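A short worksheet on the structure shown next.
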Amino acid sequence: MIDIQRIRDNSREVVERLKIKHIDAGELVERILELDIQRRQMQKQLDDALANSKAKAKKIGELFKAGKKDEAEPLKEETARLKKETKTLQEKLDDAARELEELMTQLPNPPHPSVPSGKSEEDNEIIREEGVLPEHRPNALPHWELAKKYNIIDFEAGNKITGAGFPVYRGFGARLQRALIAFFIDEACNAGYTEYQPPLLVNEDSAFGTGQLPDKDGQMYHIPADNLYLIPTSEVPVTNLFRDTILKEDELPVKCTAYSLCFRREAGSYGKDVRGLNRLHQFDKVEIVQVTHPEKSYSALDEMVNYVAGLLHKLEMPFRISRLCGGDLGFAAALTYDMEVYSAAQQRWLEVSSISNFESFQAHRMKLRFRSSSGKNVPAHTLNGSALALPRLLAAMLENNQGPEGIHIPPVLQKYTGFDIIK
RNA sequence: GGAGAGGUGGCCGAGUGGUCUAAGGCGCACGCCUGGAAAGCGUGUAUCCGUCACAAGCGGAUCAAGGGUUCGAAUCCCUUUCUCUCCGCCA
């Protein structure tokens with residue numbers, strides 16, 4: 001949700017910006033402006049009526065006390081009439097406010113000026129590429145075959161126990177997962193992030209706060225008996241730590257990291273791209289989240305991108321960074337960078353991280369503010385990024401590091417795995 | 001899952017129908033005092049909406065949430081929700 005003031009001040013700019021996301025918000029914004037005016041008029045009427053009736057009730061109290069009961073009677077009738085009036089006004093105001101809120105909620109976050117126009121991922125702007133691409137070896141095995149060969153991931157077992165997209169990691173595979181998680185958390189802590197272990201189920205308010213609801217309803221697993229959602233990313237519980245919060249200015253930036261399982265229904269995905277670890281319903285991810293001063297969110301975004309690039313560098317993975325185009329940008333993000341690693345056997349880039357600045361979009365939804373030096377409460381900016389998501393990284397690592405003797409473990413991970421090769 | 005008790009400002013806590021415009025305390029901020037500090041004294045200390053210049057001032061809302069009774073509700077009634085205690089179950 002954006003600041004309504006931004007629409008009041010310059011609705012045209014908002015509409016123009018949203019075109020980059022291929023959204024025609026013209027009508028929606030018009031209706032918002034209308035409702036905003038209506039709502040304020042009604043608020044004024046209601047406040048006046050309430051003030052009037054309040055004053056009269058007080059007067060009645062005084063008259064009663066003075067024993068002038070008969071003088072109070074006509075006033076009583078008047079307040080009774082006012083009461084009906086305020087009730088109608090209140091209902092009308094509530095309706096207008098509710099509709100306004102609903103429409104505001106439907107409005108996506110206008111993208112940052114640096115976001116390239118374009119429709120799909122082909123239009124994303126590659127801004128950096130690092131590392132040497134492994135040369136193509138025709139006999140290189142894709143990770144799903146390596147998984148079977150070394151007996152480290154059992155896709156069939158997951159199929160049997162749960163269903164497709166729920167793999168079972170085994171032996172070296174399980175240990176490698178655990179090593180990656182520990183490595184990522186340690187790195188984040190060293191970079192100043194505080195570690196959290198959040199709940200994996202969240203309530204509706206939390207899902208709304210970060211923008212998953214109502215936009216991505218249907219992509220999350222839902223537990224109807226308790227009306228809870230399985231988190232698609234720990235961004236949801238971690239950012240919601242700060243829902244309904246007023247931070248002190250000197251507490252910023254807040255930097256959090258969390259490992260969690262992530263659950264995604266991925267409704268509608270199928271085919272070759274979902275083979276093996278490429279697209280799962282349950283996966284592991286370490287997330288980094290920042291809450292910053294509005295003026296510092298873009299430098300924080302750069303810092304986060306560099307941080308994640310550093311991780312990939314340490315893991316000796318070739319990667320590239322792209323700036324998402326308007327069409328590929330999410331509902332809540334103003335600017336997103338994707339990090340992709342190159343998979344040798346699949347000969348394609350795999351997305352392993354997505355780092356976004358939401359500006360005040362999430363903050364408005366979840367009432368996350370800080371008290372500025374001028375004494376005003378202003379919405380903070382929120383950012384998050386994967387650091388990193390495991391499955392595709394693991395896929396690329398297995399494929400790129402395979403050799404005749406087995407799969408080599410990057411040196412930086414060896415103290416976590418306790419082995420240097422999978423054979 | 002069963003029974004009971006509760007939810008009041010940043011925190012503790014008083015308040016069972018009309019000076020609640022929420023006592024008192026703690027905390028915090030500023031000032032006085034002091035060589036400096038502590039203590040003491042004084043002042044201030046919520047959020048949101050509206051009006052307006054997103055100032056001051058003024059009006060309104062908020063005592064878990066929603067509804068009701070009443071001229072008037074923190075206070076009475078109903079519903080929901082959360083917390084705590086005990087019992088049950090359990091890693």
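Chain letters run A, B, ... following the sequence lines, proteins first, then strands; residues in each count from 1. Quantities reported herein were computed from a predicted structural model and do not represent experimental measurements. Hydrogens, waters and symmetry mates play no part in the numbers below; they use all other heavy atoms, side chains included.
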May I ask you to evaluate whether A:N52 reaches the phosphate of B:G60, defined as a side-chain N or O under 4.0 Å from OP1 or OP2?
no

Determine which nucleotide pairs with B:G31, using a 3.5 Å limit on both distances of a Watson-Crick or G-U wobble pair.
B:C41

Would you say the side chains of A:S343 and A:E399 form a donor-acceptor pair under 3.5 Å?
yes

Searching all strands shown, indicate the nucleotide that pairs with B:U69 (Watson-Crick or G-U wobble; both distances under 3.5 Å).
none

What interatomic distance, in whole Å, is found between P of B:A37 and the corresponding atom of B:U19?
44 Å

Watson-Crick or G-U wobble partner of B:G17, both distances under 3.5 Å
none

Side chain of A:R39 only, please: which of B:U51, B:A61, B:C49 is the nearest?
B:C49

Could you tell me how far B:U80 sits from B:C86 if I compare only their C1' atoms? Round to whole Å.
24 Å

Can you tell me the pairing partner of B:A46 across any strand shown, Watson-Crick or G-U wobble, with both distances under 3.5 angstrom?
B:U62

Using both distances under 3.5 Å as the test, list the Watson-Crick or G-U wobble partner of B:C52, or none.
none

In whole angstrom, give me the gap between the C1' atoms of B:U47 and B:U43.
23 Å

For A:L82 and B:G72, give me the distance from atom CG to atom P, rounded to whole Å.
10 Å

Please determine whether the number of non-hydrogen atoms from other residues, nucleotides or ligands lying under 6.0 Å from atom CD of A:E121 exceeds 12.
no

Calculate the interatomic distance between A:Q5 atom CD and B:C49 atom C1'; express it in whole Å.
13 Å

For RNA chain B, find the residues of residues 83-93 of chain A with a heavy-atom distance under 4.0 Å and give them by number; none if there aren't any.
A:K83, A:K87

Reported NE2-to-CZ distance for the pair A:H381 and A:F361, which is rounded to 0.5 angstrom:
12.5 Å

Assuming nearest nucleotide by heavy-atom distance, tell me which of A:L46 and A:R369 is located more 5' along RNA chain B.
A:R369

Looking at A:Y416, does the NZ or CZ of A:R178 lie under 6.0 angstrom from its six-membered ring centre and within 45 degrees of the ring axis?
no

Which whole number of Å gives the distance between the C1' atom of B:A23 and that of B:U16?
16 Å

Does B:C86 have a Watson-Crick or wobble mate here (both distances under 3.5 Å), and if so which one?
B:G2

d(CD, A:Q41; P, B:C49) in whole Å:
18 Å

Flag yes if more than 12 heavy atoms outside A:E27 fall under 6.0 Å of its CD atom; otherwise flag no.
no

Examine B:U47: is either OP1 or OP2 under 4.0 Å from a nitrogen or oxygen in the side chain of A:R371? Give yes or no.
yes

5'-most contact on RNA chain B (nearest-nucleotide basis), A:K44 vs A:I60, goes to A:K44

In whole Å, measure the gap between the P atoms of B:C30 and B:U85 for me.
40 Å

Verify, without hydrogens or angle tests, whether A:R365 (side chain) and A:F208 (backbone) share a donor-acceptor contact under 3.5 angstrom.
yes

Check whether any side-chain nitrogen or oxygen of A:R40 sits under 4.0 Å from OP1 or OP2 of B:U51, and answer yes or no.
yes

Residue matched to B:G9 through Watson-Crick or wobble contacts both under 3.5 angstrom:
none

Checking all strands, does A:R81 fall into the base, sugar-phosphate, or nothing category for heavy-atom contacts under 4.0 angstrom?
nothing

Whole-Å distance between B:U80 P and A:D205 CG?
19 Å

Please report the distance, rounded to the nearest Å, between NZ in A:K54 and P in B:G50.
18 Å

Let's test this: given Watson-Crick or G-U wobble pairing with both distances under 3.5 Å, identify the partner of B:U75.
none

Taking atom types as modelled, find out whether A:D338 and A:S322 have a side-chain donor-acceptor pair closer than 3.5 angstrom.
no

P atom, B:A73 versus B:G67: distance in rounded Å?
14 Å

Quick check: do A:H222 and A:N227 have side-chain heavy atoms less than 4.5 Å from each other?
yes

When the distance from CD of A:E101 to C1' of B:C48 is rounded to whole Å, what number comes out?
13 Å

Hey, is the main chain of A:N109 close enough, under 3.5 Å, to the side chain of A:K21 for a donor-acceptor pair?
yes

Starting at CZ of A:F370 and ending at C1' of B:U47, how long is that distance when rounded to a whole Å?
17 Å

Among the candidates B:U47, B:G18, B:U21, find the nucleotide nearest to the side-chain atoms of A:K58.
B:U21

Could you measure between the two C1' atoms, the one in B:C87 and the one in B:U75, and give it in whole Å?
33 Å

Rounding to a whole Å, what distance do you find between A:Q45:CD and B:G60:C1'?
14 Å

Please pick, from B:G50, B:A61, B:C71, the nucleotide with the shortest atom-to-atom distance to any side-chain atom of A:T79.
B:C71

With heavy atoms under 4.0 Å as the rule, sort A:D48 into base, sugar-phosphate or nothing.
nothing

When the C1' atoms of B:G6 and B:C63 are compared, how many Å lie between them, rounded to an integer?
14 Å

What does A:A80 touch in the nucleic acid at a heavy-atom separation under 4.0 angstrom: a base, only the sugar-phosphate, or nothing?
nothing

Taking the side chain as every heavy atom from C-beta outward, state whether A:I152 and A:L176 have any atom pair closer than 4.5 Å.
no

